[in-house]
2 protein chains.
Amino acid sequence: MTTNPGSAAGPQGAPRPAKHGGVAFLLAQLGAHATELFAQRIAALDLTPPQAGLLRMLAATPGRSQRELADDLGMPPSRFVPFADGLEQRGLIERRRNAEDRRLYALHLTDQGFALLGELAGVAVAHEQQVCGALSEQERGQLLGLLRRVAEEQGLTPGVHTGFRSLRGK
Amino acid sequence: MTTNPGSAAGPQGAPRPAKHGGVAFLLAQLGAHATELFAQRIAALDLTPPQAGLLRMLAATPGRSQRELADDLGMPPSRFVPFADGLEQRGLIERRRNAEDRRLYALHLTDQGFALLGELAGVAVAHEQQVCGALSEQERGQLLGLLRRVAEEQGLTPGVHTGFRSLRGK
DNA sequence: TATTGTTATACTCTATAACTATA
DNA sequence: TATAGTTATAGAGTATAACAATA
């Protein structure tokens with residue numbers, strides 16, 4: 001179809017400069033940016049975003065099964081295995097057998113895991129500062145409130161997100 | 001979980017429950033979420049987020065070289081080639097030779113490309129509504145203002161983001 | 001010699017689907 | 001029979017680097 005339809009903003013008329021983006025676009029853009037900055041920071045701890053995510057999740061609710069955790073992280077169980085292996089070999093997490101149902105593992109942080117999580121918290125603070133540098137303390141609170149409302153309404157689980165598509169730091 | 005072995009709360013004291021996230025974390029979480037919803041919507045147009053991104057970029061500033069565009073999209077030139085091929089074969093964009101420097105192509109939208117961009121605009125509106133459903137009109141404006149300030153201070157180019165890591169819609 | 005676009009290739013990542021052990 | 005974890009494997013996606021044409 002060459003003749004076409006549609007919108008007039010074509011070859012001739014001034015095409016809307018694809019306005020530079022509404023809230024949704026800015027969220028996507030800033031989200032990717034924040035994720036990238038965070039990935040760079042935690043690379044110093046030899047961690048990737050999904051690894052940091054698992055450590056946080058295990059601190060929040062220890063003893064969960066691999067399948068549950070894999071689901072929360074948005075990865076298939078088969079991928080979770082080598083993913084957890086890496087952290088276990090580094091002594092950051094450990095797999096304990098569940099006595100009641102011996103098919104399941106119960107994953108826990110080790111002392112080393114908790115220690116690293118502590119460092120991670122420090123990094124997160126610096127990261128937050130860097131990202132929010134443009135805003136006053138008050139505005140930061142305002143933004144936080146709005147984002148929380150949106151996140152809740154969208155049905156997102158606090159503290160976890162399945163958006164870490166790649167396992168590599170970047 | 002039953003026995004709940006060991007301390008649920010870390011080696012000793014209660015570890016901060018990895019608080020559910022500051023501004024930076026929420027941006028990452030919501031950004032990934034918004035990107036996913038958008039990808040699902042434009043799949044109906046047989047487009048992926050980076051493809052939609054290129055169409056927008058070509059509407060905003062036509063005639064740019066492949067290398068420039070590839071850089072903006074965060075992909076190596078070698079990956080841009082088959083990426084552009086797909087859109088060209090669908091008649092959405094066209095490669096014109098640059099008379100001044102014949103090494104370069106000048107990429108442009110075709111009429112079909114403009115038409116599809118029009119449809120895309122409609123989708124974007126619906127997407128914005130869905131993501132901002134929790135907020136009043138006023139709050140939406142407030143959020144938009146805050147996000148723009150952050151984006152600007154972070155040095156992000158309006159309208160483009162390199163965060164589309166994968167070529168597939170998802 | 002440097003740069004744009006292209007192709008070739010090797011490598012990583014990923015999902016799917018078998019396989020085991022428990023239930 | 002169904003489920004958690006694991007392993008194997010084939011396919012897709014990716015970057016690196018060589019190449020051709022132009023500057």
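Projected onto DNA chain C by closest heavy-atom contact, R97(A) and A106(B) fall at different nucleotides, the more 5' of which corresponds to A106(B).
Counting any heavy atom pair closer than 4.0 Å across all strands shown, R95(B) reaches sugar-phosphate atoms only and no base atom. Within 4.0 Å of Y105(A), counting heavy atoms only, lie sugar-phosphate atoms of the nucleic acid but no base atom.
Taking atom CG on L104(A) and atom P on dT6(D), their separation rounds to 11 Å, with Å as the unit. With rounding to whole Å, R79(B) atom CZ is found 19 Å from dA8(C) atom P. Look at CZ on R67(A): it is 17 Å from P on dA23(C), rounded to the nearest Å. Atom pair F80(B):CZ and dT14(D):C1' shows a separation of 17 Å (rounding to whole Å applied). The CZ-P distance, from F83(B) to dT14(D), rounds to 11 Å in whole Å. If you measure from atom CG of L107(A) to atom C1' of dA4(D), you get 12 Å, rounded to the nearest angstrom. If you measure from atom CD of Q66(A) to atom P of dT7(D), you get 10 Å, rounded to the nearest angstrom. One interatomic measurement links the two molecules: CD of E68(A) to C1' of dT3(D), which rounds to 13 Å at whole-angstrom precision.
Applying the salt bridge (Lys or Arg N to Asp or Glu O under 4.0 Å) test to residues at least two apart or on different chains, the pairs with a partner in residues 127-146 of chain A are E139(A)-R149(B).
Within 6.0 Å of the CD atom in E152(A), the count of heavy atoms belonging to other residues, nucleotides or ligands does not exceed 12.
Between the side chains of H108(A) and E94(A), not a single donor N or O lies within less than 3.5 Å of an accepting N or O. Side-chain contact, Y105(A) with R97(A): a donor N or O sits under 3.5 Å from an acceptor N or O.
The shortest heavy-atom contact between F38(A) and L120(A) is CZ-CD2, 3.8 Å.
A salt bridge does not link E88(B) with R90(B): every distance from a Lys NZ or Arg NE/NH1/NH2 to an Asp or Glu carboxylate oxygen is 4.0 Å or more.
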Practice problem: Mark up nucleotides 17-23 of chain D, 5' to 3', with B wherever a protein heavy atom is under 4.0 angstrom from a base atom, S wherever such an atom reaches only the sugar-phosphate, and - elsewhere. | Solution: B----BS
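Residue L45(B) is grouped with residue F114(B) when hydrophobic side chains (ILVMFWY) are merged at heavy-atom distances under 4.5 angstrom, including chains of intermediate members.
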